[in-house]
Amino acid sequence: MSQQQWNSVDDYFTGLLAPPDDALAAALRDSEAAGLPRIHVAPNQGKLLHLLALTQGARRILEIGTLGGYSTIWLARALPADGRLVTLEHKPGHAEVARGNLARAGLDGLTEIRVGPALESLAALGAEHAADPAPFDFVFIDADKDNNPPYVEWALRLTRPGSLIVLDNVVRGGAVADPDATDPGVRGTRAALDLMARHPKLSATAVQTVGTKGYDGFALARVLD
């Protein structure tokens with residue numbers, strides 16, 4: 001099948017099951033106008049994140065990699081009125097766009113954007129967690145792929161048994177299956193998947209996808225007792 005066919009099927013699924021609303025459409029427009037890279041999740045993938053968080057009954061969500069806040073909107077809409085979402089963004093310009101998008105969507109009261117290198121932000125969250133150990137119920141990892149292993153490790157520290165961890169972009173155009181790959185993103189992804197496979201507190205799987213974002217996929221892991 002061709003990319004055009006993948007796009008057509010995604011367009012059909014999106015139009016039928018995840019049609020855009022004003023806040024989501026504006027978030028994409030403002031992100032593009034600000035020159036942000038077009039690497040946000042597809043609408044049907046955003047709806048999947050939303051449904052996973054709803055099914056999980058998530059009250060506290062951690063997102064690693066905010067970009068313009070498009071996936072953040074999908075996730076935050078799954079929270080109850082007293083829920084909380086913390087999202088981590090390295091670039092101040094991206095965070096500024098995301099803040100505007102979240103405010104327009106009426107979600108600024110539920111969400112907090114922390115700006116800086118994610119590993120530093122995660123260390124700060126870890127220190128806070130030691131004093132106030134309310135765990136995250138759902139973690140979405142979609143940031144620099146070479147740091148995927150420590151992101152997964154931090155996700156484990158900040159969650160509880162029963163929490164769900166989603167790791168995005170794990171297929172890397174098929175390169176993830178190459179044990180001799182030298183690309184840092186592929187190596188980081190392979191190491192994260194290996195960690196998920198061997199860690200006694202995780203049960204995980206990974207799924208390949210095709211669509212408007214090309215050939216990719218995600219990993220899904222549940223934190224065990």
Side-chain angles (χ1 to χ4, degrees), residues 1-56 58 61-79 85 87-91 94-95 97-98 100-102 104-105 107 111 113 138-145 148 151 164-176 185-186 189 192-193 204-221:
M1 293 181 68
S2 68
Q3 180 68 56
Q4 182 178 358
Q5 289 173 303
W6 297 347
N7 293 351
S8 295
V9 173
D10 256 11
D11 289 343
Y12 167 66
F13 286 158
T14 295
L16 186 65
L17 302 170
D21 56 41
D22 291 343
L24 287 168
L28 293 181
R29 286 198 304 270
D30 283 6
S31 295
E32 185 171 0
L36 272 61
R38 300 184 66 181
I39 55 174
H40 54 82
V41 300
N44 52 344
Q45 295 167 346
K47 182 70 174 287
L48 174 62
L49 290 172
H50 175 78
L51 291 174
L52 286 172
L54 276 177
T55 303
Q56 180 69 8
I61 295 174
L62 173 62
E63 179 183 49
I64 304 174
T66 314
L67 196 61
Y70 181 74
S71 57
T72 318
I73 293 173
W74 278 111
L75 287 167
R77 285 178 169 176
L79 288 169
L85 185 151
T87 182
L88 312 181
E89 175 53 48
H90 185 218
K91 297 185 177 180
H94 293 182
V97 173
N101 289 333
L102 291 167
R104 183 195 296 111
L107 297 167
T111 57
I113 302 175
F138 189 99
V139 180
F140 178 48
I141 303 172
D142 188 15
D144 52 312
K145 310 309 174 186
N148 273 338
Y151 292 157
L164 204 61
I165 301 170
V166 179
L167 177 64
D168 204 12
N169 306 128
V170 299
V171 172
R172 316 306 298 161
V176 71
V186 175
T189 299
L193 291 169
T205 191
V207 176
Q208 302 178 80
T209 62
V210 296
T212 57
K213 296 300 178 180
Y215 174 38
D216 210 333
F218 62 93
L220 184 69

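Everything quoted here is computed from the prediction, not taken from an experiment. Sequence positions, counted from 1, serve as the residue numbers for this chain.
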Under 3.5 Å, is there a donor-acceptor pair between the side chain of [X] and the main chain of [Y]?
X	Y	result
Gln5	Ser2	yes
Lys47	Leu17	yes
Asp10	Gly211	no
Glu89	Thr66	yes

Nearest 0.5 Å, please: how far is [atom2] in [Y] from [atom1] in [X]?
X	Y	atom1	atom2	result
Asn7	Thr14	CG	OG1	10.5 Å
Leu62	Thr87	CG	OG1	8.0 Å
Ile73	Asp21	CD1	CG	8.0 Å
Leu24	Arg29	CG	CZ	11.0 Å
Leu52	Leu164	CG	CG	6.0 Å
Thr55	Leu48	OG1	CG	9.0 Å

Do [X] and [Y] have side-chain heavy atoms sitting under 4.5 Å apart?
X	Y	result
Leu67	Ser31	no
Ile61	Phe140	no
Tyr70	Pro43	yes
Asp30	Arg104	yes
Asp11	Thr212	yes

If you take all heavy atoms of [X] and [Y], which pair is closest and at what distance?
X	Y	value
Val207	Val171	O-CG2, 4.5 Å
Ser71	Leu49	CB-CD1, 4.3 Å
Ala34	Val97	CB-CG2, 3.6 Å
Leu193	Ala219	CD2-CB, 3.8 Å
Leu75	Ala53	CD2-CB, 4.3 Å
His50	Trp74	ND1-O, 3.0 Å

### Task
For side-chain contact (heavy atoms from CB on, under 4.5 Å), just list the numbers for Val176 and Val170, CA-CA rounded to whole Å, side-chain angles, deciding distance to a tenth of an Å, and then say yes or no.
CA-CA 7 Å; Val176 71; Val170 299; 5.5 Å; no
### Contacts of type ring-ring contact (aromatic ring centres under 6.0 Å, His included), residue His94, not counting sequence neighbours
none
### Query
Between Thr209 and Gln45, does a side-chain contact (heavy atoms from CB on, under 4.5 Å) hold up when you go through it step by step?
CA-CA 10 Å; Thr209 62; Gln45 295 167 346; 4.3 Å; yes
### Message
Among Leu88, Val139, Thr72, Ile141, which residue satisfies the side chain to side chain contact (heavy atoms under 4.5 Å, CB included) criterion with Glu63?
### Response
Thr72
### Message
My understanding is that only one of Gln208, Arg172, Gln3 makes a side-chain hydrogen bond (donor to acceptor under 3.5 Å, both in side chains) with Tyr215; could you say which?
### Response
Gln208
#### Entry: Basic-acidic side-chain contact under 4.0 Å: Asp168, Lys213
no
